[in-house]
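A short worksheet on the structure shown next.
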Amino acid sequence: MYTPPMFKPDRAASLAFAQARGFGTVCAWEGGKPIASSLPFYLTFADDGTPQMAFHVARHNPLAPWLMAVTGADAYVSADWYVSPEQVPTWLYQAVHLTGTVRRLSDHELGPHLDALSAKFESWLAPKPPWTSSKMTAGRLAAMKQAIVGLVMTVDEIEGSFKLNQHKSDADYVAVATALARQPEVAAQVLAGEMRALRPQLFAAETTQLNAKAMPEELM
């Protein structure tokens, strides 16, 4: 992954981003062509702290995994949004690449893997009672397991690129973040929030005004 220094997050931030996202595209080279598959995953850590990524693919999927690309929100930025002249359009985004060796899960390991994976994403739906594999009949669950292959990647390399206009002046930074916040696309609004979090001091007055408006009249 090519990442200019100003856009490069540290190792912990990259892993946290990947863990929170939980969905990516795993890529490999099959014979004479590249192949890829989009799938959910979760991260664990070995006793020595080495990250491990667990996921599964269809049994007939030819993928021999080696790189997982995890992407978050992305949005187009118009050159017209900048305060400074002579700017060009660009695209802001957050992405992390995890690379490593992969081993196949045993039949004994596959069940706990599937339970951990569903538990991760079912927790996002709280307070809904979580779905568990125990709700399936034993025969149906066994048949579904036969259709997939569980895999664990030992992550050897972590690369991240959080391109959020970190190299721009404060005036241009605020102008772009404000414009993104006004866009109807959720991804643009998410990136505006990420930009505010990076330079909160630039938006302190705006935050104070919003808090004042939200304050009950009897307290003002």
Side-chain angles (χ1 to χ4, degrees), residues 1-46 49-77 89-105 110 113-114 116-124 147-167 180 183 185-195 197-198:
M1 172 189 280
Y2 170 69
T3 307
M6 72 284 288
F7 302 145
K8 188 174 183 179
D10 62 26
R11 174 186 173 91
S14 295
L15 285 173
F17 175 85
Q19 176 72 317
R21 184 73 178 91
F23 190 85
T25 301
V26 66
C27 310
W29 189 262
E30 167 64 15
K33 64 178 183 179
I35 54 176
S37 185
S38 297
L39 44 81
F41 66 88
Y42 63 91
L43 291 176
T44 59
F45 294 87
T50 301
Q52 295 181 324
M53 179 190 308
F55 55 96
H56 58 271
V57 297
R59 188 166 294 275
H60 298 295
N61 190 324
L63 200 62
W66 63 272
L67 183 148
M68 174 74 80
V70 186
T71 58
D74 60 82
Y76 173 76
V77 171
T90 191
W91 205 276
L92 303 187
Y93 61 88
Q94 291 180 297
V96 167
H97 289 180
L98 305 175
T99 305
T101 56
V102 173
R103 74 170 179 85
R104 180 171 172 172
L105 292 176
L110 184 58
H113 155 70
L114 296 175
L117 188 66
S118 63
K120 172 184 173 67
F121 299 110
E122 284 289 322
S123 69
W124 294 4
I148 62 175
V149 175
L151 302 165
V152 173
M153 173 192 289
T154 297
V155 179
D156 301 318
E157 185 175 4
I158 302 166
E159 301 172 287
S161 182
F162 293 177
K163 185 183 177 188
L164 299 171
N165 266 359
Q166 294 96 319
H167 60 308
L180 286 171
Q183 302 310 302
E185 296 83 9
V186 173
Q189 296 171 20
V190 168
L191 288 178
E194 294 290 339
M195 292 179 70
L198 281 179

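The figures that follow rest on heavy atoms only: side chains count, while hydrogens, waters and symmetry mates do not.
Residues Lys163 and Thr90 are in side-chain contact: their nearest non-hydrogen atoms beyond the backbone lie under 4.5 Å apart.
With rounding to the nearest 0.5 Å, the separation of CE in Met53 from CD in Gln19 is 9.5 Å. Put simply, CZ on Phe7 and OH on Tyr2 are 8.5 Å apart, with the number rounded to the nearest 0.5 Å. For the atom pair OG of Ser38 and CE of Met68, the computed distance is 9.0 Å after rounding to the nearest 0.5 Å. A distance of 16.0 Å separates CZ of Phe162 from CE of Met6, quoted to the nearest 0.5 Å. Rounded to the nearest 0.5 angstrom, Thr99 OG1 and Met153 CE are separated by 6.5 Å. Taking CG of Leu191 as the reference point, atom CD of Gln183 lies at 11.5 Å (rounded to 0.5 Å).
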Report task. In sequence, state the C-alpha distance, the side-chain angles, and the governing distance for Leu92 and Met195, and then conclude on side chain to side chain contact (heavy atoms under 4.5 Å, CB included). Result -> CA-CA 10 Å; Leu92 303 187; Met195 292 179 70; 3.9 Å; yes
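In terms of heavy atoms, Ala75 sits closest to Leu180 at CB-CD2, 4.0 Å. Contact record, Ser161 with Thr3: CB-OG1, 3.5 Å, taken as the closest heavy-atom pair. When all heavy atoms are compared, the tightest approach of Val70 to Phe23 is CG1-O, 3.5 Å. Taking each heavy atom of Arg11 and Pro51 in turn, the nearest pair found is NH2-CD, 3.3 Å. Smallest separation of non-hydrogen atoms from Pro40 and Phe121: CB-CE1, 3.8 Å. In terms of heavy atoms, Thr25 sits closest to Ala36 at CG2-CB, 3.7 Å.
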